[in-house]
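Side chains are part of it too, since the values below use all heavy atoms of this structure and drop only hydrogens, waters and symmetry mates. Just so you know, residue 1 is the first one in the sequence shown, and it goes up from there. Numbering of ligands and ligand atoms starts at 1, following listing order.
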Amino acid sequence: MAFKKEFKKTTLQIMHKSGLTRLLAGTGTNNFLTVLNYHRVDYPENRPWLDPSLISATPEQFEAQMRLLRQKYSPIGIEALLDTLINEKTLPRRAVLITVDDGYRDFQETIFPITSKYGIQPILFVPTAYPAGKEFWWDKLYWAVENQDKDEIETPYEKFNLATPAQREKTLRELRTKIKRGDFRKGMSLVDALYATSKPKVKSDTADTLDWDELNTLARKGVIIAAHTHHHPLLTRIPFEEACDEIHQSLEIIKKEIAETSPIFAFPDGQPAFFSPELISFLKKEKIIFAVTTVDENASLTLENALFFPRIGVYRKLSLAAFEYRLTPFYTRK
Ligand SMILES: [Zn+2]
């Protein structure tokens with residue numbers, strides 16, 4: 001097993017260094033597109049109260065990735081994307097689109113300065129209830145699991161152990177899965193209850209998410225600010241009418257708050273369990289032209305898949321060679 005892993009790592013390294021990966025990335029069919037999905041670009045110790053699993057890359061890793069895209073790939077912005085869908089134009093070979101979810105503060109501090117340096121236009125998907133300083137449930141859950149006074153917590157599912165770091169990691173993973181499987185509102189009540197019994201949060205005074213003024217400044221500098229629902233619920237875990245409301249409301253708020261808007265959307269979480277044909281039809285009714293999921297693939301952009309286009313997640317553990325391999329049509333999750 002260790003040997004196999006090492007072999008794969010070495011192979012990817014050789015492919016990256018020799019230019020073979022880039023060659024393979026160029027073999028995609030017409031309008032082949034990789035949409036990359038980032039959340040935070042930061043060091044865990046910078047904001048230790050936030051869930052570190054949402055860090056997609058360190059600033060150094062992110063810079064190396066953007067440099068590679070600028071030098072050897074074709075980073076595209078919103079114009080090329082919409083031109084392909086509306087005006088039947090063709091995407092450049094090795095097209096890559098950068099998307100960032102949730103509107104955390106490091107977008108302004110780290111991501112945007114780096115994408116600007118390399119002339120790359122990112123899309124930032126913002127759940128519209130959060131620029132006011134609301135906290136995401138996964139960050140609250142992370143804090144709650146890491147900061148209880150006791151070695152055990154009781155939940156409606158079962159008892160969980162918290163004594164060691166490994167147990168806490170397992171508890172967090174299991175609780176996240178259980179919350180995502182069940183009724184969304186019940187899950188949120190559980191997060192709030194656990195959060196209420198945890199030690200008070202010690203954090204900096206600045207909010208973890210960007211406010212509307214900051215988002216507007218970024219929009220004026222070329223960042224595309226787009227909708228990602230209002231409260232970031234898992235859309236198939238709430239009643240359908242509420243899900244439609246969440247989408248509609250977020251589109252309206254973005255229109256009101258941001259001067260220039262685009263007809264694009266990102267499903268919260270974005271796994272196949274959390275979107276449906278009915279929700280895709282609703283997006284069509286709302287005149288959305290491009291919507292993204294987190295199905296870990298790349299594909300040729302067509303009118304058929306444009307409302308549930310896959311995105312490839314970026315994680316801190318990815319080497320630059322493994323990152324580049326994800327830009328080829330040969331990448332599969334397994
Ligand atoms: Zn999100």
message = Whether Lys317 engages the ring of Tyr315 as a cation-pi pair (distance to the six-membered ring centre under 6.0 angstrom, angle to the ring normal within 45°) should be assessed.
response = yes
List the atom pairs, donor and acceptor, that lie under 3.5 Å between side-chain atoms in residues 282-292 and the rest of the protein, sequence neighbours left out.
from: Glu286; atom 1: OE1; to: His248; atom 2: ND1; distance (Å): 3.0
from: Glu286; atom 1: OE2; to: His248; atom 2: ND1; distance (Å): 3.0

key: Near-ring test Phe107/Tyr38, centroid separation under 6.0 angstrom   = no
Within 45° cone of Tyr118 ring axis and under 6.0 Å: Arg70 NZ or CZ = no
ask   = Can a salt bridge be assigned to the pair Glu297 and Arg311 using a cut-off of 4.0 Å between side-chain N and carboxylate O?
value = no
request  = In plain terms, say whether Glu174 and Lys170 are close enough for a salt bridge, that is, a side-chain N and a carboxylate O under 4.0 Å apart.
outcome  = yes
note = The protein N, O or S atoms lying under 2.8 Å from the Zn ion (ligand 1) are Asp102 OD1, His228 NE2, His232 NE2
